[in-house]
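Sequence positions, counted from 1, serve as the residue numbers for this chain.
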Amino acid sequence: MTAEKVLAVARGELGNTESPAGSNRTKYGKWFGLDGYAWCMMFVMWCFSQAGALELLPKRTASCGDLMRSAKAAGYWVTEDYRPGDVVIYDFPGGAATDHTGIIESVTVSGVVAIEGNTSQAGSQSNGGQVCRKSRKYNLIVGAVRPKFEEEDDMNIDKLTDADLVKLAGRMQAALAKQPVSATLAPEFQEAQDRGVTDGTRPAAFVTRAQAAVMALRAAKE
C-alpha cells in the first residue's frame, strides 16, 4: 500500500460538504458511527479505510489527540521531514492543543499542502463543514503520524506531468533549503544574496539547484 493510493481517495472527496450545513452530518461520520460529531479525523480514517490502508495507522479513532498519543507510543510520530501520506496534526491559535488534521499531499518551503475534512476556504478552519485542499505553515503543525507505507516505485520521468514536476520541485526545495551551506556552495549562495535572489534567511542556492534539476527532468521528457 502506497501513500498515493490514500491520496487518490482523498482527492476524490474534495468539495464534499456536510448536510445540512452546521450539522456535522456526513458519510464519514455515519461510516465511523459518530454522525453529527466533528469529523476531520473521521474523514482521515474513512480515506485510509477506502484505500484498504486503515491497518497502517496505529489506532482507529475520531480524536486528534488520541491518534497523536497512540502514534507516539507506537513509534509512528514525526515532527520534521514531513511526507505525502502523513496524517498531520495542527494546533490553531486559541484552540485546543490538537485542533485539526488532514492528509499531507505535498511539502513546501514554508509548510505543507494537505487534504482536510471539516474545514473551509474562508470560514472556520477546524469545523468548516467541507473537504478542502489547504496550505498550512509549519508553525501550525504539532507533528504528524507516519503510516507504514510501502515505498513508491522508482520514478519514471516519462510519466511525470507538469503538475508532478511542480510537486517534485516543492519537495526538493523543502528538503534542500534546510541544509547548511557548505564551503563548496558558499560562493554560489553569496552570489544569490548579492543579486537579491535571497535575503540570506535560507540557502537559496540549494533551492535554485532544485529548480534547475526539475527543469532538466522536464527537458529530458521533450
Side-chain angles (χ1 to χ4, degrees), residues 1-16 28 31-32 39-62 64 66-68 70-90 98 100-119 131-138 140-178 210 213-214 217:
M1 178 58 60
T2 64
E4 183 55 34
K5 291 182 179 178
V6 174
L7 285 166
V9 172
R11 291 187 192 108
E13 301 302 303
L14 287 168
N16 280 358
Y28 318 114
W31 165 83
F32 193 89
W39 51 277
C40 63
M41 183 57 75
M42 290 188 278
F43 167 76
V44 168
M45 294 286 152
W46 184 91
C47 289
F48 272 79
S49 177
Q50 293 297 302
L54 192 57
E55 72 279 0
L56 300 183
L57 295 175
K59 187 175 186 178
R60 183 183 187 274
T61 180
C64 295
D66 190 28
L67 185 66
M68 178 183 71
S70 298
K72 287 181 176 180
Y76 285 48
W77 187 250
V78 295
T79 56
E80 60 183 5
D81 186 30
Y82 301 116
R83 304 174 189 174
D86 286 352
V87 178
V88 61
I89 306 292
Y90 303 110
T98 53
H100 188 57
T101 188
I103 305 171
I104 294 178
E105 185 177 31
S106 61
V107 180
T108 69
V109 171
S110 59
V112 301
V113 178
I115 300 176
E116 305 169 8
N118 204 18
T119 189
V131 179
C132 300
R133 178 180 281 116
K134 302 294 296 186
S135 296
R136 308 283 191 191
K137 301 290 188 181
Y138 282 122
L140 297 177
I141 299 175
V142 179
V145 182
R146 171 74 42 82
K148 304 299 183 182
F149 288 119
E150 297 173 5
E151 293 294 327
E152 300 282 356
D153 293 336
D154 290 340
M155 184 182 298
N156 183 345
I157 65 171
D158 293 331
K159 295 182 179 180
L160 292 178
T161 65
D162 281 353
D164 293 330
L165 289 169
V166 170
K167 291 178 182 178
L168 176 60
R171 293 178 64 183
M172 292 173 69
Q173 288 173 345
L176 295 176
K178 296 177 182 178
V214 170
L217 284 174

**Student:** Would you please test V145 and W77 for side chain to side chain contact (heavy atoms under 4.5 Å, CB included) and show each step?
**Tutor:** CA-CA 5 Å; V145 182; W77 187 250; 4.1 Å; yes

**Student:** Please round to the nearest 0.5 Å and tell me the distance separating atom CZ of F43 and atom CG of N118.
**Tutor:** 10.5 Å

**Student:** Could you report the tightest heavy-atom contact between P84 and S106, atom names first, then the distance?
**Tutor:** CG-CA, 4.5 Å

**Student:** How close do V142 and M68 get, heavy atom to heavy atom, and via which atoms?
**Tutor:** CG1-SD, 3.9 Å

**Student:** Would you say the side chain of Y76 lies within less than 4.5 Å of the side chain of L67, judging by non-hydrogen atoms?
**Tutor:** no

**Student:** Just verifying a value: how many Å separate E13 CD and I103 CD1, rounded to the nearest 0.5 Å?
**Tutor:** 10.0 Å

**Student:** Indicate the atoms forming the closest heavy-atom contact of A62 with M42, along with that distance.
**Tutor:** CB-CG, 3.7 Å

**Student:** What's the spacing between R146 CZ and D86 CG if we round to 0.5 Å?
**Tutor:** 4.0 Å

**Student:** Filter on side chain to side chain donor-acceptor pair (under 3.5 Å), then keep only pairs touching residues 43-59, sequence neighbours left out; what's left?
**Tutor:** K59-D66

**Student:** To the nearest 0.5 angstrom, please state how far the CD1 atom of I104 sits from the OH atom of Y82.
**Tutor:** 7.0 Å

**Student:** Around atom NZ of K137, are there more than 12 heavy atoms from other residues, nucleotides or ligands closer than 6.0 Å?
**Tutor:** no

**Student:** So which atom in L54 and which in R60 form the shortest heavy-atom distance, rounded to 0.1 Å?
**Tutor:** CD2-CD, 4.3 Å

**Student:** Checking side-chain hydrogen bond (donor to acceptor under 3.5 Å, both in side chains) for the pair N16/Y28: CA distance, chi angles, key distance, verdict?
**Tutor:** CA-CA 11 Å; N16 280 358; Y28 318 114; 3.2 Å; yes

**Student:** Rounded to the nearest 0.5 Å, what separates atom OG in S135 from atom CD in E105?
**Tutor:** 9.5 Å

**Student:** Which atom pair, heavy atoms only, marks the closest approach of R11 to I115?
**Tutor:** CG-CD1, 3.5 Å

**Student:** Would you check if H100 and K134 make a side-chain contact, meaning some heavy-atom pair closer than 4.5 Å?
**Tutor:** no

**Student:** Nearest 0.5 Å please: distance from the CG atom of L56 over to the CE atom of M1.
**Tutor:** 7.0 Å

**Student:** Indicate the atoms forming the closest heavy-atom contact of M41 with T61, along with that distance.
**Tutor:** CG-O, 3.2 Å

**Student:** Apply side chain to side chain contact (heavy atoms under 4.5 Å, CB included) to R83 and F149, showing your working.
**Tutor:** CA-CA 11 Å; R83 304 174 189 174; F149 288 119; over 6 Å; no

